[in-house]
Amino acid sequence: GTEGSTLMSYFSKNQIWALKPKITFSTLRDLECPVLQSNELQGKPEESCSTEELFEWLGAVLNQVSLDNKSSSFLSSYCCPQPSAVVEKAFLYTITGFIIPEKIIQLLEQLCCYFSEPKLAQWLTLTVHGFADSPVSWRESEHGFHKGGENLYNFVIFRNLEYWLQMAVGTNDDCPP
């Protein structure tokens, strides 16, 4: 109606426009991945990795950190937690932008459908990062973005459709309910 055209003229007059999320895709070859068991959150020596080990490894993969544990001109090194298995191909999709919760739920549902046909993958993951200065807060506390702004969650979905939900918030934030 007329309200919509008035609103659109305001946006165009002030050089404001809608941006679509940016989507990037990459294939990771011969990626060493932690071995996970859906019923072993703490992991078992020689059998599976813990949730914490996965979370750290996933951060390294998402940030394209070298996982070869070779020293060079840096002070530290990182390698995949053990036990691990080499995956010939892993796919990394990144969507950057403002994404509404309904779209995230839709993505999660589509990822669960991935296992409806026999697949080689044992698990997959969906990580959602909030903006550092996001107004998100839990309970009665302000979001402490001045101290780091961490707010993210990660679903690890297993072939049997069991899942882990990992959440991270800043040191000044309350944990989600």
Side-chain angles (χ1 to χ4, degrees), residues 23-71 74-96 99 101 103-132 134 136 138 143-144 147-177:
I23 300 172
T24 57
F25 170 79
S26 60
T27 302
L28 307 174
R29 302 221 180 256
D30 300 321
L31 180 66
E32 191 174 1
C33 297
V35 172
L36 305 175
Q37 299 293 329
S38 63
N39 59 347
E40 292 294 337
L41 296 172
Q42 302 304 319
K44 279 190 175 176
E46 309 296 323
E47 291 182 29
S48 64
C49 296
S50 70
T51 57
E52 292 88 4
E53 290 172 315
L54 169 74
F55 202 59
E56 185 176 58
W57 172 85
L58 191 58
V61 170
L62 294 175
N63 287 293
Q64 301 173 355
V65 171
S66 173
L67 302 175
D68 60 12
N69 198 25
K70 293 179 183 170
S71 62
F74 52 88
L75 298 175
S76 64
S77 60
Y78 182 79
C79 61
C80 183
Q82 297 299 315
S84 64
V86 175
V87 174
E88 185 180 325
K89 277 196 280 188
F91 302 105
L92 177 61
Y93 286 93
T94 304
I95 304 171
T96 305
I99 304 165
K103 290 292 184 186
I104 294 169
I105 292 169
Q106 186 180 25
L107 278 170
L108 190 58
E109 289 170 348
Q110 288 175 346
L111 288 173
C112 288
C113 291
Y114 174 80
F115 291 116
S116 62
E117 295 179 21
K119 304 284 191 226
L120 295 176
Q122 300 295 314
W123 52 269
L124 53 84
T125 182
L126 171 67
T127 304
V128 179
H129 285 264
F131 296 104
S134 170
V136 171
W138 303 102
H143 176 57
K147 305 285 186 198
E150 299 86 359
N151 63 80
L152 66 100
Y153 55 93
N154 180 58
F155 282 97
V156 181
I157 306 157
F158 294 90
R159 188 184 292 183
N160 62 4
L161 296 184
E162 290 181 358
Y163 68 93
W164 295 345
L165 174 59
Q166 300 169 301
M167 302 175 113
V169 295
T171 55
N172 292 328
D173 295 330
D174 278 340
C175 287

How about [X] and [Y]: do any of their side-chain heavy atoms sit closer than 4.5 Å?
| X | Y | value |
| --- | --- | --- |
| Leu107 | Ile95 | yes |
| Glu88 | Arg29 | no |
| Phe115 | Phe158 | no |
| Thr96 | Thr24 | no |

Distance from [X] atom [atom1] to [Y] atom [atom2], nearest 0.5 Å?
| X | Y | atom1 | atom2 | answer |
| --- | --- | --- | --- | --- |
| Ile99 | Gln106 | CD1 | CD | 11.5 Å |
| Asn154 | Leu126 | CG | CG | 7.5 Å |
| Lys103 | Leu108 | NZ | CG | 14.5 Å |

Distance-only check: which donor-acceptor pairs under 3.5 Å involve side-chain atoms of residues 51-64, not counting sequence neighbours?
{"from": "Glu52", "atom 1": "OE1", "to": "Ser50", "atom 2": "OG", "distance (Å)": "3.4"}
{"from": "Glu53", "atom 1": "OE1", "to": "Ser50", "atom 2": "N", "distance (Å)": "2.8"}
{"from": "Glu53", "atom 1": "OE1", "to": "Ser50", "atom 2": "OG", "distance (Å)": "3.4"}
{"from": "Trp57", "atom 1": "NE1", "to": "Glu32", "atom 2": "O", "distance (Å)": "3.1"}
{"from": "Asn63", "atom 1": "ND2", "to": "Gly59", "atom 2": "O", "distance (Å)": "2.8"}

Output all residues satisfying ring-ring contact (aromatic ring centres under 6.0 Å, His included) with Tyr163, sequence neighbours left out; order by chain, then residue number. Phe155
Sequence neighbours left out, cut at 3.5 Å: what donor-acceptor pairs do the side chains of residues 33-43 make with other protein atoms?
{"from": "Ser38", "atom 1": "OG", "to": "Glu162", "atom 2": "OE1", "distance (Å)": "2.7"}

For Glu109, check side-chain contact (heavy atoms from CB on, under 4.5 Å) against everything at least two apart and list the hits. Ile105
With sequence neighbours excluded, what pairs up with Tyr93 under the side-chain contact (heavy atoms from CB on, under 4.5 Å) test? Phe25, Phe91
Go through the steps to decide whether Val87 and Leu28 satisfy the test side-chain contact (heavy atoms from CB on, under 4.5 Å), and finish with yes or no. CA-CA 9 Å; Val87 174; Leu28 307 174; over 6 Å; no
Measure across Ser84 and Pro81 and return the closest heavy-atom pair with its distance rounded to 0.1 Å. CB-O, 3.5 Å
Is it true that atom CG of Leu120 has more than 12 heavy atoms of other residues, nucleotides or ligands lying nearer than 6.0 Å? no
